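Here is how names work: the chains are called A, B, and so on, in the same order as the sequence lines, proteins then strands, and each is numbered from 1. Because the structure is a prediction, the values reported are computed rather than measured.
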Amino acid sequence: GGESSSSSQGSNAAAADQLKPNADLSQQTLQVTVWDGYTPKELPEKVKAKLKVKDLKIALHETNEVAMAKLTASGDSGIDVAFVSGQYAQALNEQGLLEPIHPELIPNLANLYPEATQLSYDKGNKYSVPYTWGTTGICYRTDLVKAKPTSWNDLLKPPAWAEKKVTMMTTERWLALPALKSLGYSVNTDKDEEIAKVKELLVAQKPHLLTYDDTTFGEKLTSGEAVMVEAWDGWCPTTDPKGNIAFVVPKEGSDLWVDTMVIMKSSKNKEAAHALINYILDPEIHSWAAENINYKVPNKAAMDKVQIPKGSLLGIKPAELLDGESIIDLGQASTKYTTLSQDIQAK
Amino acid sequence: MLKIDGITRRFGDVTALDSVSLEIRQGEFFALLGPSGCGKTTLLRIIAGFERPDAGRVTLEGEDLLSMPPNRRPISLMFQSYALFPHMTVAKNVAYGLERERLPRQDVKQRVGEVLETVGLSGHASRKPAQLSGGQRQRVALARSIVKRPRLLLLDEPLSALDKKVRADMQLELKRLQHDVGITFVVVTHDQEEAMSLADRIAVFDSGAVRQVDEPVALYERPKSPFVADFVGANNLFPGTASGMEALKSGDFGMLPGTPLTQLEAGAEALLAVRPERIELADDSATRGLKGSVLDVSFYGGVSHISVEVPGHGKPVLAAVQGASTVQPGAKVKVRWNAEDAVIMAAGR
Amino acid sequence: MLKIDGITRRFGDVTALDSVSLEIRQGEFFALLGPSGCGKTTLLRIIAGFERPDAGRVTLEGEDLLSMPPNRRPISLMFQSYALFPHMTVAKNVAYGLERERLPRQDVKQRVGEVLETVGLSGHASRKPAQLSGGQRQRVALARSIVKRPRLLLLDEPLSALDKKVRADMQLELKRLQHDVGITFVVVTHDQEEAMSLADRIAVFDSGAVRQVDEPVALYERPKSPFVADFVGANNLFPGTASGMEALKSGDFGMLPGTPLTQLEAGAEALLAVRPERIELADDSATRGLKGSVLDVSFYGGVSHISVEVPGHGKPVLAAVQGASTVQPGAKVKVRWNAEDAVIMAAGR
Amino acid sequence: MRRSKLLYVPFWATYVFLYLPIVVLVVMSFNSGDSAYTYEGFSLKWYGELAGNERVRDGLVNTLIVATGSTVIATVLGTLLAVGLARHSKSKTLDAIALMPAVLPDLVLGIGLLVFYGMIQLTLGLYSAVLAHGVFAMAFVAAVVRTRLANTDTSLEEASRDLGAGPVTTFMKITLPQLGPGIVAGALLAFTLSLDEFVIAFFTIGNSDQTLPIVIYSMIRFGVTPEINALAAILLLVSFTAVIAGQRLTKIGESRAQD
Amino acid sequence: MLVPLALVLSYTVFQRGRFGGIVYEFTTSNFARLFDPLYLGVVGNSLKIAALTTLIALLIGYPTAYLIAQLPRKWKTVALVAIVLPFWTNFIIRVYAWIILLSGPGLINSGLKALGLGPFELLYNEGAIVTGLLYSYLPLMVLPLYATIEKLDPQLREASANLGASAFTTFRKVTLPLTVSGVLTGCLFVFVPSFGNFVIPELLGGSKSLMVGNLIRNQFLAARDWPFGSTLTLALVAVLIVLLIAQAWAARRA
Ligand SMILES: Nc1ncnc2c1ncn2[C@@H]1O[C@H](COP(=O)(O)OP(=O)(O)OP(=O)(O)O)[C@@H](O)[C@H]1O
Ligand SMILES: Nc1ncnc2c1ncn2[C@@H]1O[C@H](COP(=O)(O)OP(=O)(O)OP(=O)(O)O)[C@@H](O)[C@H]1O
Ligand SMILES: NCCCCNCCCN
Ligand SMILES: [Mg+2]
Ligand SMILES: [Mg+2]
């Protein structure tokens, strides 16, 4: 069954295994779970050649939620390294499922921006290593908007020309984000009155939406079905050849999201897991992510190598990103957001 | 009223009906008689509308039947295999046809009650078909088709599963329906006695073709062909040639007394038929008759059948006498008959 | 060989079999006769193992049958509703039982061929049951059960859908099987003539109980009860009281001649039964006999039935004469019989 | 018997309804543009891309293995279950329980099985997905077969027993063929459900094995591309070919059996 | 099979851990939450959508199955396979095909535009959800129906016609009652997955309306509240079991 979550923060480090820096990796097999297209196709071959691990197998998950279900359902999911977003890494750790990071086995941690070691869900990268980061904003058609959006309110109370041409994300924390920010609240608030206000705003917004959409909003913009959508920076197709799509972080501010790499406590190949993370932090490899999936990576050495194409959002600096508020798991209170999202959908 | 004209129906390489023509009169009780598989059921199914003929016409009082959907035809068919609705009680099965006529409920109930009374199943009204015996099912099927009092009633072996008593009751009932309600009946039966006693006219079928249509006595006493002579009732047949006189010229037995039914040229191949009950068993010492010895005596209740081996004749000669017979197997006898009790007909089917 | 002992079977409030006991001998041809719904099929189903009795025992040569699964019983049952396997051809249906015995293919093929020949369906071996006529289906069912040559063969109305000719052939075939192969037969039939002519002994059933078990002639000539007298063959029944002599004392007609079957105390309620073929139609002017007038004359082929209304007697008196009769409806006649041709029995079932 | 012409309206409506989107898919698979929505011209390029896609190929193989394996399990067990329930049980509760996997949300069944496999320490692989799909499709087969069984004539089974066949032979030779169309319908259903099933497979299959639906789910993160449409078109082609080949084979088999 | 189920359902009496997972402390609070009007409303909405889908599926599925059962043997198989063939592509792809068809600039609207009509809002509403569900589960209706109709003795229909019943009456009085078990099974097969579906409401309904399936999914995946998710499942299963028992009962009576 599921793991008891009685353990408190930080107690995991003490229980950490002793890892051998010189373990024979050729005896170890790695099983990784990651979003599709999030790592280079040839990663397994490269890793096998470079690290001499016996094998590297990639499993793919569609969303954080699904990965979480698989990782928590049974004692040993058979997975060594998982890619999940920051707040999910936090939740996994709270449930005692993560192996503390052994920095001595990952010399490439030094490549990270200093800012990337101070992320609020895991200060000091105790159990997670950031892979990509970014923010959320409004992605829009420059040729179809009558006025450039600047505020979350442009999305929340769409003007007449945007009627039924606006989409929002429902992955629940991002559903609330625009309203929270426009009301000046924290993205991590657990105050019932604030959430109630948010609900009011979103319920009022619903009739004016084209639809809720977490995945294909970019496509809706290109096809012209939508003119303005809530979007993660990397998924806003600003590099579209027609050059009519732009991204803005509204003036009220936004979030900072991070997708991280974690090592499962149940892993029997922890040395190899560390070696893999270290290898990924190699600028050569890590820059691939920025170049191919349009998400910035928190790796200074890697970003320095990247040719930033015209219109790309990769140029946003870490300091700007840190203006965003990092989403953390709220424990029991996080169900309030599920309820919020259900309340709105059921209306 | 019902005119069947040149109906042909083939199933693959089987010709179930081969250009059958018949005319059935208003109010008539008409029987179809014929060996198993000769096409009787197929003919009824065509009349009722469940089988399309490959050729031919069927009219009911001048109206073309074939172009009418089955449920519009004023015809009831009782299926040989009953086709009772398994999910309905006996009463519901019987009421089904009446309900289609939108009769008032009370009337339906009453008529169903009456007909169930008639077929002796009043006590079984609320049973499902699966809870009935074979004969009871058959009676439900009968009740279901007669309760509608259609202009034309087609019954496919309606009484085959019934014992003599119930059968006699049902026969009376059918007769009454014909009389009182004026329904025209077409009944398929393999029971010749039934056909004989009930029907106004009988059509004898063979291999999809009509061999003879006649009134019972005529059919029995004056069969037009060897097939009919042989099929309808028991008969003793002797082959030979016509003699131009009241006798058949038989190779083995010389002249056999008999009455030609039609003008037969002397020397034409012919057949003499004599009924078992017309045969007299005379003492071995009698002057006239064919010599033989008793092979077997079987008692049929009311009548005994005596088979006599006559040297020179392939099949034993059958004689019927009333009551239990006193002849013993092995006894030497002579079989004989009178010229007026035997018929002579042309050979061929 | 087969001993049925106190078998009772109830369906809800219907008692289909009420403590039935019978003993059937090795090699015997045994017939069950009785009105529709009297429990015949139920009894066969119990012997074959498809119905459990509520009470009673069945043994086959001393062995308890009831504890044996149906497929282990050396018994074949031919179902009243045929129960042919619709997905198999005729040949496959017939071969089914033999294949279960793991006979060599060649043998199976040969025996199937033979039996299909016997039932006249050689040409239909590769048809499916749905492509057969009613009578053809019945013959397949018959073939399927006889091909196994079991020790005991149970046939439920095996010939009810067949015409006289085929039926006679089949009857002969069954007789041959009994003789040559020594199979014991239990046959349900509603056809009394069939029962009479085929069976060594007949059990008459009524409402789930055995009324009389006897040889055909005995059953016909010496029925032990009014039910049997009435059910087996046609009979004319006169109620009255025993007179202590060779006559029945009838309220309406005085003394009627007849032979008591058992010792009957004078004055006891009794019944006189006289067969139609024993009745003589005498001229109105005859000295002896009951006065009446002819109601109806029906021709049954071979025999004519004459019903005579006798004032004072509820039902018309039935007389049978050979051949077509010359009496006309309306004619005044006297009906009479000899004392040795009528039986007197105690009243009650 | 004659059929009402009116019946043909819903009949054809059904097929039009079922095939309209399919036609759209196939047409769009030949799109030269990148969009799955707007047709820009004819091209086979997406088929070329697909040809090089190893994951799709592996996924297809895995899917077929899982679907075939689970269909076999589901058909055999489901039929036995249905017959067992119909002939030997009067309990409606048992009936209902047997159908449970069909009524459980797939997510719950997937997680439940995953937890269960974890409990009995079963390492996940193809077979665990085969088993999982087998369990869930079994309920469907059982229900379909049960439905057909509802009013079959038991006298046929009696006749078989009477002719000397034991319960097993009777089941194989008489009951099964009678149930034939029900079993075929059930098996078709099981195969179809398994081919398409994503959630249960996701949770119960080994980490690095993937069925096609799992592959496709991750591929359509950004919506459908013509490449996916091309994949659908190829799947259709494969299915059509398989069905026609199957038909031919059974026909040959039948004509043999007739001899 | 029962064990995994029992396992999940046993969570109903426990609590969610602070960060997900399960705390094995007994509670009945999950059941209390069930009666929140929010959830009841969702159940009502799901019932409505699933029932509508089932009804339409029955209305077009029955005649289809009926005609397939009457086809000559050769065509029977072809027609039957043609029913499931689209389903051998992929569920999600087919759903997307509907997006292409129904969306604002989609095919149907383009077609209507050519006729001077529309555009209509065909996508992201309950109509689109019903269409998608219908499309996904229609074969689940047709197959069991076919299996029962095929078995019907044609003579029974003939007998009915002979007794004067029109084609419709024959259907109503004979065919339908004798195939009621197939109808019930088909309805169940369509109703159940429609009731519990969450993908179609998301993709075609634009997540604008919620069905029980979404609710359960959200509890298991988003809220990571397995105990409450299990409780919702139990409630769902309870509803369906009632339907199943009703079905078994009706089938036995038929
Ligand atoms: N399954 C059943 N449920 C209820 N009653 C039944 C069932 N089977 C038979 N019966 C009743 O039991 C009695 C005997 O039936 P059975 O079938 O043995 O009659 P039978 O003598 O074979 O009649 P028939 O000559 O008409 O076939 C009948 O009254 C019948 O209605
Ligand atoms: N659907 C069919 N396919 C092929 N042959 C058939 C079909 N129906 C009937 N036949 C054949 O047609 C012939 C006539 O059949 P029909 O049922 O009319 O006979 P019948 O006279 O009613 O016989 P019975 O007295 O045995 O019922 C038979 O040889 C039968 O085998
Ligand atoms: N397929 C890659 C999906 C990456 C999701 N990251 C989203 C950022 C918010 N967690
Ligand atoms: Mg017939
Ligand atoms: Mg019977």
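- Pairing each heavy atom of B/Pro86 with each of E/Leu178, the nearest pair is CG-CD2, 3.7 Å.
- Counting heavy atoms of neighbouring residues, nucleotides and ligands inside a 6.0 Å radius, atom CZ of B/Arg57 does not exceed 12 of them.
- Side-chain contact check for E/Ser160 versus B/Phe85: some heavy-atom pair is nearer than 4.5 Å.
- Heavy atoms of B/Arg144 lying under 4.5 Å from chain E belong to its backbone as well as its side chain.
- Of all heavy-atom pairs between B/Lys148 and E/Leu163, the closest is NZ-O, 2.7 Å.
- Nearest heavy-atom pair, B/Ala83 versus E/Ala159, reported as atom, atom and distance to 0.1 Å: O-CB, 3.8 Å.
- The interface of residues 23-42 of chain B with chain E, defined by heavy-atom distances below 4.5 Å, is empty.
- With contacts defined as side-chain heavy-atom distances shorter than 4.5 Å, the pair E/Glu158/B/Phe79 qualifies.
- Heavy atoms closer than 4.5 Å to chain E are found in the backbone of B/Leu84, but not in its side chain.
- Crowding of E/Lys76 atom NZ: a count of heavy atoms from other residues, nucleotides or ligands under 6.0 Å exceeding 12.
- Counting only distance, with no hydrogens or angles, the side chain of E/Asn162 and the backbone of B/Leu77 share a donor-acceptor pair below 3.5 Å.
- The local environment of CD in B/Glu114 is crowded, with over 12 non-hydrogen atoms from other residues, nucleotides or ligands closer than 6.0 Å.
- The NE2 atom of B/His87 sits 8.5 Å away from atom NZ of E/Lys173, with the distance rounded to the nearest 0.5 Å.
- Here the straight-line distance linking atom CG of B/Asn71 with atom OG1 of E/Thr170 works out to 6.5 Å at 0.5 Å rounding.
- Counting non-hydrogen atoms of neighbouring residues, nucleotides and ligands closer than 6.0 angstrom, the CD atom of B/Glu117 reaches no more than 12 such neighbours.
- Proximity to chain E is absent for every atom of B/Met78, based on heavy atoms less than 4.5 angstrom apart.
- Within 6.0 Å of atom NZ in B/Lys175, more than 12 heavy atoms from other residues, nucleotides or ligands are found, so the atom counts as buried in its surroundings.
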Please table the atom pairs, donor to acceptor, closer than 3.5 Å between any side-chain atom in residues 47-54 of chain E and protein atoms at least two apart or in another chain.
from: E/Lys48; atom 1: NZ; to: E/Glu126; atom 2: OE1; distance (Å): 3.1
from: E/Thr53; atom 1: OG1; to: E/Ile49; atom 2: O; distance (Å): 2.8
from: E/Thr54; atom 1: OG1; to: E/Ala50; atom 2: O; distance (Å): 2.6

